[in-house]
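Single-structure report; data block below.
Positions are given from 1 along the sequence. Because only heavy atoms are used, hydrogens play no part in the values below, and waters and symmetry mates are left out as well, while side chains stay in.
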Amino acid sequence: MLPHSKRLSTTLFSKVLEQGRVLHTPLGSLFFTQASGISRFSVSVPKKVSKGAVERNKIRRRAYSAIRGFEDKIKTGYHGVLVMKKGVEKLPFQELAVEIEKIFVKSGLLK
């Protein structure tokens, strides 16, 4: 799980969604902006992906764990929101982690 100090607050979350650049993939969309300080990220799982809150929270926790696996490679000074898409609930954790890392590589947020 990603520590709270490296997650976005609700005001920053809205700001990133409104003003950020976006990268679309079959797994999800990554909204990101350049900012000062440490890099912070959030994960959003809409009700379209899963109606149940338990399943959405499980997907969110798995995504945070995947990000934590390569957080030392992430460039400093970025804020991002990862919005998951339908189909992600069927992926095993290892595949999910690889796909999330590919999204970060494609966006240029990794060192």
My understanding is that only residues two or more places apart in sequence, or in another chain, count here; which of them pass side-chain hydrogen bond (donor to acceptor under 3.5 Å, both in side chains) with [X]?
X: E71; value: K6
X: S9; value: T11
X: T25; value: none

Give a yes or no answer on whether the side chain of K85 reaches the backbone of S29 with a donor-acceptor pair at less than 3.5 Å.
no

Can you give me every donor-acceptor pair (side chain of residues 37-47, partner residue at least two apart or in another chain, under 3.5 Å) with its distance?
{"from": "S39", "atom 1": "OG", "to": "K75", "atom 2": "O", "distance (Å)": "2.4"}
{"from": "S39", "atom 1": "OG", "to": "G77", "atom 2": "N", "distance (Å)": "3.3"}
{"from": "S39", "atom 1": "OG", "to": "Y78", "atom 2": "N", "distance (Å)": "3.2"}
{"from": "R40", "atom 1": "NH1", "to": "S5", "atom 2": "O", "distance (Å)": "2.9"}
{"from": "S42", "atom 1": "OG", "to": "L8", "atom 2": "N", "distance (Å)": "3.3"}

Tell me whether [Y] is reachable from [X] by hopping between hydrophobic residues (I, L, V, M, F, W, Y) whose side-chain heavy atoms are closer than 4.5 Å.
X: I59; Y: F31; result: no
X: F13; Y: I67; result: no
X: V83; Y: F32; result: no
X: Y64; Y: I74; result: yes
X: L30; Y: V22; result: no

Work out which heavy atom in V49 is nearest to a heavy atom in E89; give both atom names and the distance.
CG1-OE1, 3.4 Å

Heavy-atom pair with the smallest gap, counting every atom of H79 and V16
CB-CG2, 3.7 Å

Indicate every side-chain donor-acceptor pair of residues 92-110 with a distance under 3.5 Å to a residue at least two apart or in another chain.
{"from": "E101", "atom 1": "OE2", "to": "K73", "atom 2": "NZ", "distance (Å)": "3.1"}
{"from": "S107", "atom 1": "OG", "to": "I103", "atom 2": "O", "distance (Å)": "3.3"}
{"from": "S107", "atom 1": "OG", "to": "F104", "atom 2": "O", "distance (Å)": "2.9"}

Under 4.5 Å between any side-chain heavy atoms of M84 and L27, yes or no?
yes

Under the salt bridge (Lys or Arg N to Asp or Glu O under 4.0 Å) rule, what pairs show up with a residue in residues 18-32, not counting sequence neighbours?
none

What salt bridge (Lys or Arg N to Asp or Glu O under 4.0 Å) pairs are there with at least one residue in residues 51-66, not counting sequence neighbours?
none

